[in-house]
There are 2 protein chains.
Amino acid sequence: MLQAREDAIVASVNRLLAEKGFDLMTVDEVVADVGIAKASLYKHFTSKEELAAAAMVKVLERSLDEHARLEAIGGAAVQKLKAMVRWTLQVQMAGEMPSLPAQNSSLRAALGNHPVYMDRLLRLSDELGGWITDAQSDGSVRSSLPPELVLYTLFARACDPVLGLLKLGGQYSDEQIIDLLLTTCFDGLAAGAS
Amino acid sequence: MLQAREDAIVASVNRLLAEKGFDLMTVDEVVADVGIAKASLYKHFTSKEELAAAAMVKVLERSLDEHARLEAIGGAAVQKLKAMVRWTLQVQMAGEMPSLPAQNSSLRAALGNHPVYMDRLLRLSDELGGWITDAQSDGSVRSSLPPELVLYTLFARACDPVLGLLKLGGQYSDEQIIDLLLTTCFDGLAAGAS
DNA sequence: GTCTATAAAGCGATAGAC
DNA sequence: GTCTATCGCTTTATAGAC
């Protein structure tokens with residue numbers, strides 16, 4: 001009962017974060033969506049930042065699950081990285097990727113002091129970091145790029161605004177858009193080797 | 001006098017938009033930064049959205065100036081595109097690139113109904129579109145990519161979060177970061193041809 | 001733990017004197 | 001056109017009854 005209610009809250013928060021972002025999402029909207037009173041929500045989560053953190057933990061754990069699934073299947077490191085980015089883009093395409101403005105200071109502070117969030121974030125970073133160094137070792141990802149840069153670039157696909165712009169244009173299917181974004185991410189805009 | 005004051009207002013808005021974004025920027029901060037009363041500001045600009053639009057028009061006109069400068073110098077289309085992205089990244093690096101959350105509906109509506117903003121945006125899109133088709137014709141940019149996608153991808157460099165993350169790390173100089181981002185944008189993460 | 005009702009603060013925007 | 005003072009509204013968060 002209790003856990004199910006919290007899950008329902010987090011699901012609503014996740015959707016609203018994806019739709020409007022942290023600043024424009026209001027707690028009143030969340031409770032209206034879940035169908036409970038605001039005071040009840042504050043018995044489960046102590047602040048709006050705590051709500052966002054719970055949604056982020058959830059999506060990070062979904063990402064860790066997908067990572068484990070791909071690791072079990074096996075294959076070349078670069079192919080696993082591409083599959084991970086594809087999964088991320090699919091989540092964003094489905095409107096299920098919570099977007100946190102990187103600029104909000106109160107939220108950044110709250111996330112930085114959130115042990116569970118930081119644990120999941122660091123674990124995912126470590127796991128992907130392993131694939132990145134593997135892919136650089138076998139020559140499929142540029143060795144001249146700092147692994148840090150590669151990791152950030154992959155993470156940034158979760159909030160790539162180009163996806164939304166292409167979707168708005170309406171000229172391409174969801175899968176076509178994802179393929180195009182994967183191409184620009186891994187192969188770049190330029191043709192051939194430069 | 002009057003024009004100088006409006007310029008001062010727009011300059012403050014531009015800096016605050018780059019620093020905090022539209023939602024977190026308050027009109028009180030703007031007037032405190034400029035050193036005038038809030039009612040005075042509202043004699044010049046009728047709303048907060050109007051303020052943001054003025055800052056966006058300003059930066060679009062700076063972009064058009066840079067485009068004209070590069071066009072006058074000449075060179076290969078893809079090199080001009082790279083130079084334009086480099087300029088964009090330098091502006092962002094200097095903390096002078098206003099960032100507008102793509103999700104804010106009131107702001108999007110205000111910008112869409114702002115004739116001057118739309119004119120500058122479409123003019124810049126047209127100019128860059130010309131370079132893009134040129135670069136695709138001479139084989140330096142992938143012809144398989146829709147020009148629309150290339151344009152959006154270039155525009156998105158203005159708010160690429162990877163720049164801020166790398167800068168935060170403190171391991172690379174500003175110029176190194178810009179070079180790295182140009183590489184990932186045009187050449188991709190993968191090595192060689194895939 | 002759930003609710004209604006409200007506190008406390010911040011926001012965009014305006015009134016009205018000068 | 002500038003200012004001080006304030007309106008009217010929204011927001012996060014809490015008090016207190018049940």
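Residue numbers begin at 1 in each chain, while the letters A, B, ... track the order of the sequences.
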A.B. asks: Taking A/Arg62 for its side chain and A/Lys58 for its backbone only, find out whether a donor-acceptor pair lies under 3.5 Å.
C.D. replies: no
A.B. asks: Drop me the distance from B/Glu96's CD to B/Gln90's CD, to the nearest 0.5 angstrom.
C.D. replies: 11.0 Å
A.B. asks: Rounded off to whole Å, could you give me the CD-to-P distance for the B/Glu49 and C/dC11 pair?
C.D. replies: 15 Å
A.B. asks: Is it the case that one hydrophobic cluster holds both A/Leu121 and A/Val13, taking links as side-chain heavy atoms less than 4.5 Å apart, direct or via other members?
C.D. replies: yes
A.B. asks: Grab the CG-P distance between B/Asp28 and C/dA13 for me, whole Å please.
C.D. replies: 11 Å
A.B. asks: Select base, sugar-phosphate, or nothing to describe what B/Thr46 touches, counting heavy atoms under 4.0 Å on all strands.
C.D. replies: nothing
A.B. asks: Whole angstrom is fine here: how far is it from CD in A/Glu29 over to P in D/dA13?
C.D. replies: 15 Å
A.B. asks: Is the closest side-chain heavy-atom distance between A/Thr184 and A/Val162 below 4.5 Å?
C.D. replies: no
A.B. asks: Within less than 4.0 Å of OP1 or OP2 of D/dA13, is there a side-chain N or O belonging to A/Tyr42?
C.D. replies: yes
A.B. asks: Which residue is it: B/Arg120, B/Glu50, B/Glu49? I am looking for the one with a side-chain hydrogen bond (donor to acceptor under 3.5 Å, both in side chains) to B/His114.
C.D. replies: B/Glu50
A.B. asks: What is the distance, rounded to the nearest whole Å, between atom CG of B/Asp23 and atom C1' of D/dT11?
C.D. replies: 13 Å
A.B. asks: CG/A/Leu166 to CE/A/Met93 distance, rounded to the nearest 0.5 angstrom?
C.D. replies: 8.5 Å
A.B. asks: What is the distance, to the nearest angstrom, from the NZ atom on B/Lys48 to the P atom on D/dT10?
C.D. replies: 16 Å
A.B. asks: Calculate the interatomic distance between B/Met25 atom CE and C/dG12 atom C1'; express it in whole Å.
C.D. replies: 11 Å
A.B. asks: Provide a list of protein-nucleic acid N or O atom pairs under 3.5 angstrom, restricted to nucleotides 1-4 of chain D.
C.D. replies:
residue: D/dT2; atom: OP1; partner: B/Arg5; partner atom: NH1; Å: 3.0
residue: D/dT2; atom: OP2; partner: B/His44; partner atom: NE2; Å: 3.1
residue: D/dC3; atom: OP2; partner: B/Ala37; partner atom: N; Å: 2.7
residue: D/dC3; atom: OP2; partner: B/Ser40; partner atom: OG; Å: 2.8

A.B. asks: In this structure, how many angstroms lie between the C1' atom of D/dT11 and the CZ atom of A/Phe22, rounded?
C.D. replies: 12 Å
